[in-house]
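Single-structure report; data block below.
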2 protein chains.
Amino acid sequence: MKTDLETFFKPKSVAVVGASKNPTKIGHAALKNILISDYECKLYPVNPNEDEILGLKCYKKITDIPGSLDLVLISIPAPLVNPIVEDCVKKNVKWAIIISSGFSEIGNHEQEEQIKKIIEGTNLRILGPNTMGYKNASDNLDVSFVFGMPRKGNVAVVSQSGALGMGMIYLANNEFVGLSKIIGVGNKMDIDDHDLINYFSTDQDTKVIGLYVEGIRNGRAFMDSIKKCKKPVLIVKSGQSAAGARATASHTGSMAGSDQIYGAAIKQAGGIRCRDIVELFDMARALAGQPAAQGNRIGIITNGGGLGIMLTDACEANGLTIPKLSPNTYKKMEKILPPVIKPNNPVDLVADAGFFRYWSATRILLEDPNIDGIIVASVHAGYARPQEYTGAILKMVHQQKLHHEYKKPILGCWVGGKEFEDLVLDLKAVGVPIYPSSWRCARAMFSLYQDGERLKHEKQRS
Amino acid sequence: MKTDLETFFKPKSVAVVGASKNPTKIGHAALKNILISDYECKLYPVNPNEDEILGLKCYKKITDIPGSLDLVLISIPAPLVNPIVEDCVKKNVKWAIIISSGFSEIGNHEQEEQIKKIIEGTNLRILGPNTMGYKNASDNLDVSFVFGMPRKGNVAVVSQSGALGMGMIYLANNEFVGLSKIIGVGNKMDIDDHDLINYFSTDQDTKVIGLYVEGIRNGRAFMDSIKKCKKPVLIVKSGQSAAGARATASHTGSMAGSDQIYGAAIKQAGGIRCRDIVELFDMARALAGQPAAQGNRIGIITNGGGLGIMLTDACEANGLTIPKLSPNTYKKMEKILPPVIKPNNPVDLVADAGFFRYWSATRILLEDPNIDGIIVASVHAGYARPQEYTGAILKMVHQQKLHHEYKKPILGCWVGGKEFEDLVLDLKAVGVPIYPSSWRCARAMFSLYQDGERLKHEKQRS
């Protein structure tokens, strides 16, 4: 079944079944979120007991609404849902979102099967049940019952858990990672992860796709969608352990499946598996803000030997290499370092390194054809000047963006306190990826290398 | 060689060789740091060209100083160091710290051998060379040339890298982790990691010991000191990879050795190996603030199913188990949950959980003899109330401290944004361990379980 989710994410007309005047009800919050969105569409509350809600004319049934309907939100108790779905089919509605819970996640598989039969062979497709809905930040449309919009950006997030989806919005905002869309897929009765991956593969507002997945319903379609996807796909697949799988079953009613098989399949399809959602956003930030690495040869610049070694270990543990400097690069580096210091990779700029050494060393590695990606690190030790360090990264990243000279990723890594943290916020605010841990930084660089490999395979295929 | 470092960390008289009036010189900073410490001791600048520095009478040579000398700091160029060490021996000095660099870290092994010969059979023992010195926060004494004191607490840190040591002070301050002492061991020519582990094992101001190690000089003594240590020992051993080992050699002149052998030996000795310094402080905070776990059976409380599953996966990946609830606990849990919700482990308190559910669920798991440790998690989703969540943890942790009823560790885990982050600072400020990542939280719980095992072995041996 082919799906063009364009009218799903940008509907011209929306009805909310179960709309309510009571502000503690989900049907109230869902209606209000659409109403207050900075987005133009027709909006129809549906509730047999009301004439007007939030200043909008209220309808008894969907079939009473004049004109066509792109999207229907259903927020009524599970036992009342089936007739509404039938009404949607009658009205030739394209999309429905069943917010209501009480389906397969509590063992009620039967009703999901009934609804599937109702929509079989029709034009209606359904998100959910048991979902928060979606937030389309690209177009300022909030079709969910939870409050708060993500910062606008180019990471699309698909979450099987609504609560975690919401948490991810806050997390992303806090970390200055912008989102294009975020969707709760809930029980995935009909619209599934692969439908969304396929859509985001060509969505011009999306550059990176991140998924939180508990169970996979259609393994082949899932892997195929990742394989065909023109963008990096990051996946947190939970329910890895036996106890985790048990917990998964009672959360969204899905089977977690064999973890190792999924792990291998995701890797083969070209997806990147993340340890948790923090790692997902670590990688998303790098992929959204930096070019892919054309290879795995990483240059490390630091003002503290210890941090350089930890970064080297973390890179090598993730399939990256830290090659020796070429004779040409060695010569250039020697000129910018204090007299007794010998250049190496990691390049130790020593403790008192300021703007000039950081900026020059980064440029030298950018010019080196044997280096595919650069990590610029700083320890806030006695003689360090954090502002000169962050200033040098900012300047280099901006220059690279302006001139498109080298197309190599630059990541930051820092160890320090409050003063440093405030400066790091400035970098995050303009999209420069910087991490407070050598492991997290190396994992982010790994994702850029993986994306370079993915792009190579894509090129070979075309 | 037995070492009681008591007079090293609490000297009654200190001389600084290479003391200077020039504020850009290390010899100036070192003298000033001791002078401005809130600590009482005799302090003697040594410089043949000055009569007075920073208001203190200056001496031409160590041997001119009246009375006995506990500690001598040496901050002069490497080629001038040996005669000063000879003077220290003549003066019957107990401890010296050679701050100066230019020794084995740049291939100058010969001079270190010469110095070892000078002190052979004498009472003099030496820290360094190539070290920042130490900061004794327990007693407010700063014997280093770098600026800034750690927050006072009970984590002792030993760092082979001075810069990283400094960075760790800032990191620890930022994360509200208090330190007792922090020492740069530099090239470890004489005083070595095991001397410090042995000392901290009985230091009443220290509860947890953390080491950043690049090379191990005396493997047997190192492992023995960990095995005999009465406190948890956390170790970041860098130079794991081939490239990392290469970088190590040029940083502190030490051989990284076979990584796997060290890993296995550390584990066997009862030490805990950390991935990086962020993990070291994650674990240190848990070990400093919470009792050890008596077993590996963990109870998880959450307001979002997804986060519960991720925590379950992360716990099981670290050798912890998430057992099913006992019938008794199940019954108690059922009473505090909304009617349709069935208790499980992870206990899902569902999205709108407030103070009461969090507080009651934590208490129920504390009372359950089948649970050894508790993770209390919150996703900042639509209906979450972060302040009630953090309030419940605070209350429970305080009650436990007051009554010593259960002696089980409680850790927090959160996913959210700015509002949540501010509340988390309140928890950190009073020493409650809470983590913004399921993996980091599970690793911290793993360290508490490991410490429980270590305590059992200690008990068996005694």
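Basis for what follows: all heavy atoms, side chains included, without hydrogens, waters or symmetry-related copies. Naming: A, B, ... by sequence-line order, numbering from 1 per chain.
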Options A:P323, A:G308, A:S438, ranked by heavy-atom pairs under 4.5 Å with chain B, top entry: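 Heavy-atom pairs under 4.5 Å are most numerous for A:S438.
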Choice from A:V236, A:N173, A:N303, A:I322 maximising heavy atom contacts with chain B below 4.5 Å: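 Among the listed options, the one with the most contacts to chain B is A:I322.
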Heavy-atom contact with chain A under 4.5 Å, split by part of [X]:
{"X": "B:K342", "value": "neither"}
{"X": "B:V340", "value": "neither"}
{"X": "B:I169", "value": "neither"}
{"X": "B:E421", "value": "side chain"}

Can you tell me how far [atom2] of [Y] sits from [atom1] of [X], rounded to the nearest 0.5 angstrom?
{"X": "B:H380", "Y": "A:N174", "atom1": "NE2", "atom2": "CG", "answer": "10.5 Å"}
{"X": "B:K418", "Y": "A:E175", "atom1": "NZ", "atom2": "CD", "answer": "10.0 Å"}
{"X": "A:L171", "Y": "B:W414", "atom1": "CG", "atom2": "CH2", "answer": "7.5 Å"}
{"X": "B:T24", "Y": "A:D352", "atom1": "OG1", "atom2": "CG", "answer": "11.0 Å"}

Contacting moiety of [X], where chain B heavy atoms sit under 4.5 Å:
{"X": "A:M168", "answer": "backbone"}
{"X": "A:V415", "answer": "both"}
{"X": "A:F145", "answer": "both"}

Considering all heavy atoms, the nearest B:E214-A:G306 contact: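 For B:E214 versus A:G306, the nearest heavy atoms are OE2-CA, 3.4 Å.
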Please answer whether the main-chain N or O of B:S437 pairs with a side-chain N or O of A:D276 as donor and acceptor at a distance below 3.5 Å.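 Not at all, since once roles are kept as given, no pair shorter than 3.5 Å links the two residues.
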Whether the side chain of B:Y170 engages the backbone of A:E419 through a donor-acceptor N/O pair (distance < 3.5 Å, no angle test) should be reported.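 Side chain of B:Y170 to backbone of A:E419: no pair is present.
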